[in-house]
Each structure stands twice: as C-alpha cells, then as structure tokens.
Amino acid sequence: MLADYEAARSGLQVWEVDAGIDMGITQELNVYHLPALFLFRDGHYQRPIQVEARAHALDRWLAAMTDQPPEEMP
C-alpha cells in the first residue's frame, strides 16, 4: 500500500526499515510494536503516524498534520 501511495504522490518518500537488521533506528524511535510509521519533514522528525492503513485515511491525517508543530523525538 505504501509503495503505491508514494508512487501516486509527488514530493513524498517512503523509507522502509527492517527492524531485525536496523535495531539502532527502532531503539532510537522507541518502536515496540510493528508495523510502525513516522512522519519526517525536510529530514526532521515530526511525529508517529497513527492512522488506518488506507490511502484516504493517510491523506486526511497528513493534511491535518500540515500546520502542526513537530513533536519531540522519542
């Protein structure tokens, strides 16, 4: 779903991390449950993404977060 989502939207990059291989990243972001999604903007952490795994739900969530200030990284 995320690969299709990324392909349909310009300016969006989806990065996949294998939690079994890249444990440092998962520990840094306090990932305890998989899958886990996080929003970064211009290379800076914004917040965890907590939304239904459907394109329209992700569109709404991202639109709602556009003007929100970033949260502190875990």
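Hydrogens, waters and symmetry mates play no part in the numbers below; they use all other heavy atoms, side chains included. Treat the numbers as computed from the prediction; the structure is a model and nothing was measured.
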> Parallel, tilted or perpendicular: which one describes the rings of Tyr45 and Phe38, with boundaries at 30° and 60°?
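Tilted, since the angle between the ring planes falls between 30° and 60°.
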> Measuring only between side-chain heavy atoms, which start at C-beta, is Met65 closer than 4.5 Å to Arg47?
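Result yes, sub-4.5 Å side-chain heavy-atom pair found.
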> Within the 4.5 Å heavy-atom criterion, are Leu39 and Leu62 side-chain neighbours or not?
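Yes; the side chains approach each other to less than 4.5 Å.
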> Among all residues two or more places apart in sequence or in another chain, which pass the side-chain hydrogen bond (donor to acceptor under 3.5 Å, both in side chains) test with Glu52?
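With sequence neighbours excluded, Glu52 shows a side-chain hydrogen bond (donor to acceptor under 3.5 Å, both in side chains) to Arg54, given in chain and number order.
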> Rounded to the nearest 0.5 Å, how far does CG of Asp18 lie from CG of Leu34?
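So the CG of Leu34 and the CG of Asp18 are separated by 9.5 Å.
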> Return the CD to OG1 distance between Gln46 and Thr66, rounded to the nearest 0.5 Å.
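Between atom CD of Gln46 and atom OG1 of Thr66 there are 10.0 Å.
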> With a 4.5 Å limit on heavy-atom distance, are the side chains of Glu71 and Pro48 in contact?
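Yes. Closest side-chain heavy atoms under 4.5 Å.
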> So which heavy atom on Met1 is nearest to which on Ala53, and how close?
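Residues Met1 and Ala53, closest heavy atoms: CE-C, 4.0 Å.
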> Not counting sequence neighbours, which residues clear side chain to side chain contact (heavy atoms under 4.5 Å, CB included) with Asn30? List them please.
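Counting only residues at least two positions away or on another chain, Asn30 forms a side chain to side chain contact (heavy atoms under 4.5 Å, CB included) with Tyr32, Pro74.
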> Leu37 versus Leu2: any side-chain heavy-atom pair under 4.5 Å?
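They are in contact (side-chain heavy atoms under 4.5 Å apart), so the answer is yes.
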> Would you say the side-chain atoms of Glu6 pair up with the backbone N or O of Val14, donor to acceptor, closer than 3.5 Å?
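Present.
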> Are Trp15 and Ile49 connected into the same hydrophobic cluster when the rule is that any two of I, L, V, M, F, W, Y join if their side-chain heavy atoms are below 4.5 Å apart?
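No; Trp15 is not reachable from Ile49 via cluster members.
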> Evaluate whether atom CE of Met73 has more than 12 neighbouring non-hydrogen atoms of other residues, nucleotides or ligands under 6.0 angstrom away.
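More than 12 within 6.0 Å, yes.
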